[in-house]
Amino acid sequence: MPELPEVETVRRSLLPVILHKPIESVEVHYERILQHITPQEFQARLTGLRFLDLTRRGKYLIFHLERELELVAHLRMTGRLIYCSDSAIAQAKHTSVIFGFGSAGDLRFEDVRKFATLDLVKIGEYEQIKGLAKLGVEPLAEEFTVQFLQEITVNRSATIKGILLDQSKIAGLGNIYADESLFLAKIHPERTGNSLQKKELKRLHQAIQKVLGLAIEGQGTTLRDYRTGFGQEGSFQNELQVYGKKGEKCPRCGVDLEHKKVAGRTSHYCPTCQRE
DNA sequence: AAAACCGCCTGTCGGC
DNA sequence: TGCCGACAGGCGGTTT
């Protein structure tokens with residue numbers, strides 16, 4: 001699923017091909033992708049505008065446009081944003097929106113499960129986008145420190161897995177990278193926040209940054225649906241240590257990997273390396 | 001206040 | 001082989 005590394009990869013791939021291109025047409029094929037705006041108004045406000053920049057916050061992509069507008073996209077589970085240089089190429093079955101650039105191709109928002117969203121707002125006005133308004137720190141930024149990890153775990157009875165998935169604390173971790181980070185840090189997903197020692201938080205801090213960095217280098221993890229902005233698969237699925245590997249051997253100690261529901265999510269771990 | 005649960009969707013998979 | 005329920009998981013909203 002698209003988590004921080006996947007969304008960052010989409011951002012990097014799309015930015016150079018959409019920059020300064022004027023939107024000549026907007027086709028909405030699935031209305032409910034639009035939040036707080038009708039297809040008619042969405043189309044009317046966007047047509048003719050150019051893209052000025054493309055940034056990311058957590059798992060949100062923010063397209064900066066002329067007239068101080070921002071188009072905010074969230075891919076949820078199966079969303080894809082793909083630039084197609086030839087508009088004549090047939091669209092995919094589950095295409096929700098197409099931004100046309102005339103002879104310069106188009107940008108297609110595809111989404112099998114239809115959970116993805118699009119918002120159009122004035123610069124920085126995110127009140128209507130609840131998740132974005134309450135988003136926590138960027139895990140690859142300087143503000144993300146061991147001290148910060150301590151602040152969000154101390155006195156907390158919730159599991160560390162649940163805390164890592166809470167977007168209002170850390171922005172961008174999902175099920176895959178939470179599990180991979182905990183494995184690397186040798187911490188069991190069910191450990192409670194208040195049970196974690198300083199040295200474990202240091203390991204976790206380092207693990208999160210390492211895993212995210214390597215996943216971005218690998219252009220993300222394609223298990224099924226995720227694609228880059230050019231429609232290509234990522235490669236980090238080949239580097240996963242535990243996610244989706246129940247029954248396989250732990251790459252560190254050789255014991256059979258296990259999985260169980262933690263904080264409502266299937267969580268993969270090594271019962272030996274990650275003690276309860 | 002925090003945590004648990006449900007709904008939103010479609011495709012895939014395992015069991016019978 | 002085909003049917004059917006379980007499952008995948010991010011987030012908003014509601015309930016506990």
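Please read all numbers here as calculations on a predicted model, not as lab measurements. Lettering follows sequence order; numbering is per chain, from 1.
Among the protein residues, A:Lys93 comes within range of the sugar-phosphate backbone only, with heavy atoms under 4.0 Å from sugar or phosphate atoms but none that close to a base.
Other cluster members for A:Leu52: none, since no ILVMFWY side-chain heavy atom sits under 4.5 Å from it. Grouping Ile, Leu, Val, Met, Phe, Trp and Tyr residues whose side-chain heavy atoms lie under 4.5 Å apart, directly or via other members, places A:Leu257 in a hydrophobic cluster with A:Phe183, A:Val242.
Under the 4.5 Å side-chain contact rule for hydrophobic residues, A:Leu107 and A:Leu34 share a cluster.
Using a 4.0 Å cut-off on heavy atoms, the residues of residues 258-269 of chain A that approach DNA chain C are A:Lys261, A:Arg265, A:Thr266, listed by number. The stretch residues 168-185 of chain A touches DNA chain C through A:Gly174, A:Asn175, each having a heavy atom under 4.0 angstrom from the strand. For the segment residues 108-133 of chain A, residues with any heavy atom less than 4.0 angstrom from an atom of DNA chain C are, sorted by number, A:Arg113, A:Phe115, A:Lys130, A:Gly131. The stretch residues 224-237 of chain A has no heavy atom under 4.0 angstrom from DNA chain C at all.
Taking atom CG of A:Asn194 as the reference point, atom C1' of B:dA3 lies 14 Å away to the nearest angstrom. Look at CD1 on A:Ile33: it is 15 Å from P on C:dC11, rounded to the nearest Å. Summarising the geometry, the separation between NE2 on A:His74 and C1' on B:dC8 is reported as 14 Å, rounded to the nearest angstrom. To the nearest angstrom, P of B:dA2 lies 10 Å from CG of A:Asp166. At whole-Å resolution of the value, CD in A:Gln167 and P in B:dA2 are 17 Å apart. Rounded to an integer number of Å, the gap from A:Gln35 CD to B:dC8 P is 15 Å. Protein atom CD1 of A:Ile160 is 15 Å distant from nucleotide atom P of B:dA2, rounded to whole Å. When rounded to the nearest whole Å, the span between CG of A:Leu223 and P of B:dG11 equals 18 Å.
Between A:Glu138 and A:Arg57, at least one side-chain nitrogen of the basic residue sits less than 4.0 Å from a carboxylate oxygen of the acidic one, meeting the salt-bridge criterion. Salt bridge present: A:Arg227 and A:Glu233 bring a charged side-chain N and a carboxylate O closer than 4.0 Å.
In terms of modelled atom types and a separation under 3.5 Å, the side chain of A:Ser235 and the main chain of A:Gly218 share a donor-acceptor contact. Remark: side-chain polar atoms of A:Arg11 are not paired, donor with acceptor, to backbone N or O of A:Leu61 under 3.5 angstrom. Formation of a donor-acceptor pair under 3.5 Å by the A:Arg203 side chain with backbone atoms of A:His205 is not found in this model.
Between A:Thr222 and A:Gly234, the shortest heavy-atom distance links the atoms OG1-N, 2.7 Å.
Identified under the ring-ring contact (aromatic ring centres under 6.0 Å, His included) test for residues 255-276 of chain A, with sequence neighbours left out: A:His188-A:Tyr269, A:Tyr243-A:His268, A:His259-A:His268.
Qualifying ring-ring contact (aromatic ring centres under 6.0 Å, His included) partners for A:Phe101, counting only residues two or more places apart in sequence or in other chains: none. With sequence neighbours excluded, the residues satisfying side-chain hydrogen bond (donor to acceptor under 3.5 Å, both in side chains) with A:Gln147 are A:Glu151.
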Side-chain donor-acceptor pairs of residues 158-168 of chain A under 3.5 Å, sequence neighbours excluded:
{"residue": "A:Thr159", "atom": "OG1", "partner": "A:Gly162", "partner atom": "N", "Å": "3.1"}
{"residue": "A:Lys161", "atom": "NZ", "partner": "A:Asn175", "partner atom": "OD1", "Å": "2.7"}
{"residue": "A:Lys161", "atom": "NZ", "partner": "A:Asp179", "partner atom": "OD1", "Å": "2.7"}
{"residue": "A:Lys161", "atom": "NZ", "partner": "A:Ser267", "partner atom": "OG", "Å": "2.6"}
{"residue": "A:Asp166", "atom": "OD1", "partner": "A:Ser168", "partner atom": "N", "Å": "2.9"}
{"residue": "A:Asp166", "atom": "OD1", "partner": "A:Ser168", "partner atom": "OG", "Å": "2.7"}
{"residue": "A:Asp166", "atom": "OD2", "partner": "A:Lys169", "partner atom": "NZ", "Å": "2.4"}
{"residue": "A:Gln167", "atom": "OE1", "partner": "A:Gly172", "partner atom": "N", "Å": "2.9"}
{"residue": "A:Gln167", "atom": "NE2", "partner": "A:Leu165", "partner atom": "O", "Å": "3.0"}
{"residue": "A:Gln167", "atom": "NE2", "partner": "A:Leu173", "partner atom": "O", "Å": "2.8"}

With a cut-off of 3.5 Å and sequence neighbours excluded, list every side-chain donor-acceptor pair involving residues 126-133 of chain A.
{"residue": "A:Tyr126", "atom": "OH", "partner": "A:Glu70", "partner atom": "OE1", "Å": "2.6"}
{"residue": "A:Gln128", "atom": "NE2", "partner": "A:His36", "partner atom": "ND1", "Å": "3.3"}
{"residue": "A:Gln128", "atom": "NE2", "partner": "A:Asp119", "partner atom": "OD1", "Å": "2.7"}

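Projected onto DNA chain B by closest heavy-atom contact, A:Arg76 and A:Ile163 fall at different nucleotides, the more 5' of which corresponds to A:Ile163.
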Dot-bracket pairing map - DNA chain B, Watson-Crick plus G-U, both contacts under 3.5 Å, | cross-strand: .|||||||.|||||||
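Taking side-chain N and O atoms only, A:Ser157 has a distance below 4.0 Å to OP1 or OP2 of B:dA3.
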Salt bridge (charged side-chain N to carboxylate O under 4.0 Å, His left out) evaluation trace for A:Asp111 with A:Arg80: CA-CA 6 Å; A:Asp111 183 22; A:Arg80 296 171 171 176; over 6 Å; no
Go through it in stages, so that I can follow the logic: the residues are A:Thr221 and A:Tyr177, the test is side chain to side chain donor-acceptor pair (under 3.5 Å), and I'd like the CA-CA distance, side-chain angles, deciding distance and then a yes or no. CA-CA 10 Å; A:Thr221 298; A:Tyr177 299 111; 2.7 Å; yes
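Across B:dC5 and C:dC7, the matching P atoms stand 14 Å from one another, rounded to whole Å.
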